[in-house]
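Counting from 1, the numbers follow the sequence of the chain as shown. All values below come from the heavy atoms of this structure, side chains included, with hydrogens, waters and symmetry mates left out.
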Amino acid sequence: MNKRFLLVIILLSAAIGLCFGLPKPKYASLDILPALNIPAEFGDWKSKDISGKLDLRGEQYNFINNVFARVYSNSQGRELLLLILDAGNFHNPKVCYGATGFTASDLPDTGLNVSGRQFKAATVYLSKNNTNLVLTYWLCINKKLVGWTGQKIQELFYSLLNKKKAGLMVRVDVPTFPNDKENAVRLAQAFISELSGKLSARDIEYIFGK
């Protein structure tokens, strides 16, 4: 192996170790969540803000800068949670819920329609005792949809350059029954399609990519 190439690998490994091995300060981002205009009511949906009820104190939450959390309900009595995390180094929801005793299983990706543009979002079924959820989520960093590998690459890039970014994990959690997963998916699809029609082009890009 070329000695220069070996030196580059050693230096890069040391830099990565410093970035991710040292105690993490509170994550700081571009903090775009307060600037997003997401309607509290639209169509048949009304919401309740529960952001203030989330306890994010403690070093284990240092990767989170800000959170948007609203429970939306319609006249048919159906509810769902729209959660947007402004964070760095995202955790897979299956891991987070698994740590609290939920059993997680993958479902087929959910096709979403956002102002005439189609994309697919990861979907997971979660169950614990009498609680059952269909969770649909995606990652959007600086207005670009990314997967888990892309997110890790972006995280490394911005950490090494010490640059802030707009990194969001968007989730739609639908309470359901074990035999009603398909209807839960359809509810999430209808909600996202209707919501996107009420957003500005700028907000759509931050939440759904462009």
Q) Quick one: are L36 and S200 in side-chain contact, heavy atoms under 4.5 Å? A) no
Q.
Tell me which one of L112, L80, L195 satisfies side chain to side chain contact (heavy atoms under 4.5 Å, CB included) with V172.
A. L80
Q | Closest heavy-atom pair and its distance - R171, L135 | A | NE-CD1, 3.6 Å
Q | D86 side, atom CG; L33 side, atom CG - distance, nearest 0.5 Å | A | 5.0 Å
Q. NZ of K48 to CZ of R70: how many Å apart, nearest 0.5 Å?
A. 13.5 Å
Q) Which word best sums up how the rings of F119 and W138 line up, parallel for under 30°, tilted for 30 to 60°, or perpendicular for over 60°? A) perpendicular
Q.
Could you see if L107 belongs to whatever hydrophobic cluster contains L126? Use Ile, Leu, Val, Met, Phe, Trp, Tyr and a side-chain cutoff under 4.5 Å.
A. no
Q | Distance (rounded to the nearest 0.5 Å) between L83 CG and M169 CE | A | 9.0 Å
Q | Expected output: side-chain S193 to main-chain A190 donor-acceptor under 3.5 Å | A | no
**Q.** Euclidean distance, Y72 OH relative to E41 CD, rounded to 0.5 Å
**A.** 9.5 Å
Q | pair N183-T176: side-chain heavy atoms closer than 4.5 Å | A | no
Q: May I ask whether F191 and V185 are part of the same hydrophobic cluster, defined by side-chain heavy atoms of I, L, V, M, F, W, Y residues being less than 4.5 angstrom apart, directly or through others?
A: no
Q: Group every Ile, Leu, Val, Met, Phe, Trp and Tyr by side-chain heavy-atom contacts under 4.5 Å, then state whether I192 and L168 land in the same group.
A: yes
Q | Any donor-acceptor N/O pair, S47 side chain to A40 backbone, under 3.5 Å | A | yes
Q) Can you name the closest pair of heavy atoms from A104 and K94 and give their distance? A) CB-CG, 3.9 Å
Q. So which pairs with a foot in residues 168-187 pass ring pair (Phe, Tyr, Trp, His ring centres under 6.0 Å), sequence neighbours left out?
A. none
**Q.** D44 and S75: side chain donor to acceptor below 3.5 Å
**A.** yes
Q: Examine distances only and state if a side-chain atom of R117 and a backbone atom of F208 form a donor-acceptor pair shorter than 3.5 Å.
A: yes
Q. Are any side-chain N or O atoms of D173 and backbone N or O atoms of L81, one a donor and one an acceptor, separated by less than 3.5 Å?
A. no
Q) Got a donor-acceptor contact below 3.5 angstrom from the N142 side chain to the A166 backbone? A) yes
Q.
I need the E79 CD to N74 CG distance, nearest 0.5 Å.
A. 9.0 Å
Q.
For a quick test of reading the model, state the closest non-hydrogen atom pair linking A122 to D109 and the distance between them.
A. CA-OD1, 3.6 Å
Q: Can you see which heavy atom on R78 is nearest to which on V174, and at what distance?
A: NH2-CG1, 3.7 Å
Q. If every non-hydrogen atom of G209 is compared with every non-hydrogen atom of C140, which pair is closest and at what distance?
A. N-SG, 3.4 Å
Q: Please confirm whether K181 makes a cation-pi placement over Y125, using NZ or CZ under 6.0 Å from the six-membered ring centre and within 45° of the ring normal.
A: yes
**Q.** Residues which pass salt bridge (Lys or Arg N to Asp or Glu O under 4.0 Å) with E194, listed by chain and number, not counting sequence neighbours
**A.** none
Q. Hey, any chance I204 and F68 share a hydrophobic cluster, counting ILVMFWY side chains that come within less than 4.5 Å of each other, even indirectly?
A. yes
**Q.** F102 reachable from Y137 in the ILVMFWY side-chain graph, under 4.5 Å edges
**A.** yes
Q: Verify, without hydrogens or angle tests, whether Q189 (side chain) and N113 (backbone) share a donor-acceptor contact under 3.5 angstrom.
A: no
Q. Is T123 reaching over with its side chain to a backbone N or O of A121, donor-acceptor style, under 3.5 angstrom?
A. yes
Q: Find out whether I84 and I38 are in side-chain contact, i.e. whether some heavy atom of one side chain is under 4.5 Å from a heavy atom of the other.
A: yes
Q: Mind listing the closest non-hydrogen atom pair of S115 and S196 along with its distance?
A: N-OG, 3.5 Å
